[in-house]
Amino acid sequence: MSKHASAWSFMRRFTNARNGALLLIFVLLVTYAALPLGLALGLETGPYYVTLAIVTAVAVTSLALGAVTPLLDPWFSGRLPRVVINAVYLNATLWSVFIIFVFVAWFTAPQIPLVAALGGADPATVALLREQFLKARDGWQSSFVYINAILSGALIPYSLALMFLHGMRGRWLAAGFFLLFCVSFVEKAFFFKAALPLIYLVAQGLAKTRLSPRTLLVGTIGLLMLVTFFAGSGSLEEVSGDPFFSVSYAPQGGLQHLIWRSVAIPLVTAADAIRVLQEQFSGQPLWGATSSFVASLFGMERIEFERLVFAAQWGQNETGTGSSNSVYITEAFINFGWSGVVIFSFLIGLMMRMFAVSRDEAFRALWPLFAFGVYTSGLIGLMLSNGFILLFSIALFVRIRVANTKRVSSLKNAIATH
């Protein structure tokens with residue numbers, strides 16, 4: 001087997017939705033269990049790293065149990081009735097709303113962060129503009145952050161996956177427009193929402209494109225480094241002498257900053273979330289008060305926990321909107337204790353199994369996006385604010401009707417006989 005064929009085979013297995021739960025468990029164990037234990041043994045980290053490692057061990061055990069539980073499998077058997085929606089109408093509705101929203105957001109922003117960065121604005125100015133672009137809006141524009149999350153979080157990526165899966169006209173134009181919006185406010189990993197589903201489809205041989213998985217992956221990494229540079233992290237900083245796994249570490253250049261933000265900061269933020277819970281709330285569960293939806297549903301005062309963690313790590317920014325999100329495990333533990341960790345993890349395992357057993361390849365293409373979401377943020381916000389509850393509803397109750405289904409079937413048969 002040639003090196004090219006071997007690499008293609010590896011990418012196909014690596015991105016396969018049936019391996020998604022196992023890959024997620026491995027990444028969670030390494031980042032939030034093995035590394036914290038190693039740091040606790042070698043550094044003066046306090047008890048929070050050990051707590052994080054124990055909580056993670058419980059979480060992945062429950063997640064694995066959910067991933068092998070066939071509770072929802074009958075919904076994907078093809079025998080239960082579903083609501084039929086034409087893909088053309090679905091795409092037209094989603095993209096009409098999204099395009100209108102994007103242009104309104106661009107024209108009402110004080111300045112587009114990417115334009116400012118290209119014009120030579122300093123990192124502090126770009127960071128402030130990034131906060132003002134969506135988060136710091138007031139009045140009727142305060143809804144922008146929620147509209148963006150619902151559309152960009154799952155629905156538009158699903159629509160793009162449908163378009164590339166079935167070779168629909170305008171797919172590259174739509175992908176380019178979505179990518180431009182994603183990078184326009186210089187949010188470092190936001191464009192993953194466009195890239196990850198496409199990487200899945202290309203790796204599985206289901207996308208009508210000549211791009212190879214390697215080309216797409218290299219392009220994604222390169223774009224991530226470029227956005228990191230525009231965000232102001234590409235400039236050299238004075239060496240601080242602080243350890244790599246700390247918020248005060250000063251990375252040297254874009255690549256080092258990218259690795260630090262991808263590995264060290266998620267771990268440190270998760271441990272700091274447990275620390276803030278202990279120091280400011282005496283370690284008592286917050287019972288969902290960190291979620292605006294749950295707090296309003298049960299008449300509780302909303303606790304801006306992510307902003308408290310951000311302030312404890314960096315000090316709050318000028319707009320007061322700085323927030324430090326962390327892995328779903330800490331959200332579950334902070335709000336509902338050990339029982340929350342078990343229940344949340346079991347549900348995530350079930351949802352990862354849904355990706356594995358579904359017959360809808362466009363839906364399956366979003367498993368990397370969902371896994372990345374729970375790796376970096378809470379489950380409640382991911383489901384409610386980022387539109388994944390709508391995506392899973394589509395997977396359970398809707399059948400998307402597409403005219404050219406024969407092409408997808410022929411691709412699957414070709415792959416099976418390859």
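- Note that CG of Leu165 is 11.5 Å distant from CG of Leu198, once rounded to the nearest 0.5 Å.
- Separation of the Phe101 and Phe144 ring centroids falls under the 6.0 Å cut-off.
- Between Asn386 atom CG and Ile380 atom CD1 the span is 12.5 Å, to the nearest 0.5 Å.
- A donor-acceptor pair under 3.5 Å is absent between the side-chain atoms of Ser345 and the main chain of Val342, judged by distance alone.
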Discussion item. As a quick check of understanding, evaluate side-chain contact (heavy atoms from CB on, under 4.5 Å) for Asp360 and Tyr158, giving each step before the final call.
Written reply: CA-CA 11 Å; Asp360 181 357; Tyr158 177 70; 2.7 Å; yes
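- Here the OG1-CZ distance, from Thr93 to Phe98, works out to 15.0 Å after rounding to the nearest 0.5 Å.
- Side-chain contact between Leu63 and Leu28: present, with at least one pair of heavy atoms (C-beta onward) separated by less than 4.5 Å.
- Closest heavy-atom contact between Gly387 and Leu155: O-CD2, 4.5 Å.
- Atom OH of Tyr375 and atom CZ of Phe370 lie 16.0 Å apart (nearest 0.5 Å).
- The side-chain heavy atoms of Phe293 and Met383, taken from C-beta on, include no pair separated by under 4.5 Å.
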Worksheet item: After noting the C-alpha distance and the side-chain angles of Trp338 and Ile54, does the key distance pass the side-chain contact (heavy atoms from CB on, under 4.5 Å) rule?
Response: CA-CA 10 Å; Trp338 293 99; Ile54 297 172; 3.8 Å; yes
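- With values rounded to the nearest 0.5 angstrom, Glu331 atom CD is found 8.0 Å from Ser377 atom OG.
- Distance alone, capped at 3.5 Å, is enough to place a donor-acceptor pair between the Arg82 side chain and the Ala395 backbone.
- Taking OG1 of Thr290 as the reference point, atom CD of Glu304 lies at 9.5 Å (rounded to 0.5 Å).
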Fill in: CA sep, side-chain torsions, deciding dist, call: Leu267, Val263, side-chain contact (heavy atoms from CB on, under 4.5 Å)
CA-CA 7 Å; Leu267 188 161; Val263 179; over 6 Å; no
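- Listed here is the closest heavy atom pair of Ala203 and Thr15: CB-OG1, 3.4 Å.
- Tyr200 and Ala17 get closest at one heavy-atom pair: CE1-N, 4.1 Å.
- In this structure the side chain of Ile25 never reaches within 4.5 angstrom of the side chain of Met352, judged on heavy atoms.
- Between Trp367 and Leu23, the closest side-chain pair of non-hydrogen atoms falls below 4.5 Å.
- Residues Leu162 and Leu90 have side chains in contact (heavy-atom distance under 4.5 Å, counting atoms from C-beta outward).
- Ring centroids of Phe344 and Tyr328 are separated by 6.0 Å or more, keeping the two rings apart.
- Looking at heavy atoms from C-beta onward, Leu350 lies in side-chain contact with Thr69 at the 4.5 angstrom threshold.
- Of the possible polar contacts, one joining the Arg364 side chain to the Ala356 backbone as a donor-acceptor pair under 3.5 Å is found.
- Between Trp106 and Phe177, the two ring planes are perpendicular [angle over 60°; tilted spans 30° to 60°].
- The nearest pair of heavy atoms linking Ser326 to Thr269 is CB-CG2, 3.8 Å.
- Judged purely by atom type and a 3.5 angstrom limit, Arg137 has no side-chain atom pairing as donor or acceptor with the backbone of Ser142.
- Taking the six-membered ring for Trp and the full ring otherwise, the centers of Phe355 and Phe392 sit less than 6.0 Å from each other.
- A 4.5 Å side-chain heavy-atom check between Ile147 and Val97 finds every atom pair outside the cut-off.
- Residues Arg353 and Asp73 are paired through a salt bridge, judged by an N-O separation under 4.0 Å between the basic side chain and the carboxylate.
- Checking side-chain atoms of Glu306 against main-chain N and O of Ser324 turns up no donor-acceptor pair under 3.5 Å.
- The shortest non-hydrogen separation linking Phe388 to Gly153 is CE1-O, 3.7 Å.
- No donor-acceptor pair under 3.5 Å is formed between the side chain of Thr330 and the backbone N or O of Ala273.
- The two atoms that bring Ser339 and Phe336 nearest to each other are OG-O, 3.1 Å, heavy atoms only.
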Practice prompt. Show the numbers, then the answer: is there a side-chain contact (heavy atoms from CB on, under 4.5 Å) between Ile394 and Phe363?
Written response: CA-CA 9 Å; Ile394 291 173; Phe363 170 70; over 6 Å; no
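- Residues Asp272 and Phe310 are not in side-chain contact: their nearest non-hydrogen atoms beyond the backbone lie 4.5 Å or more apart.
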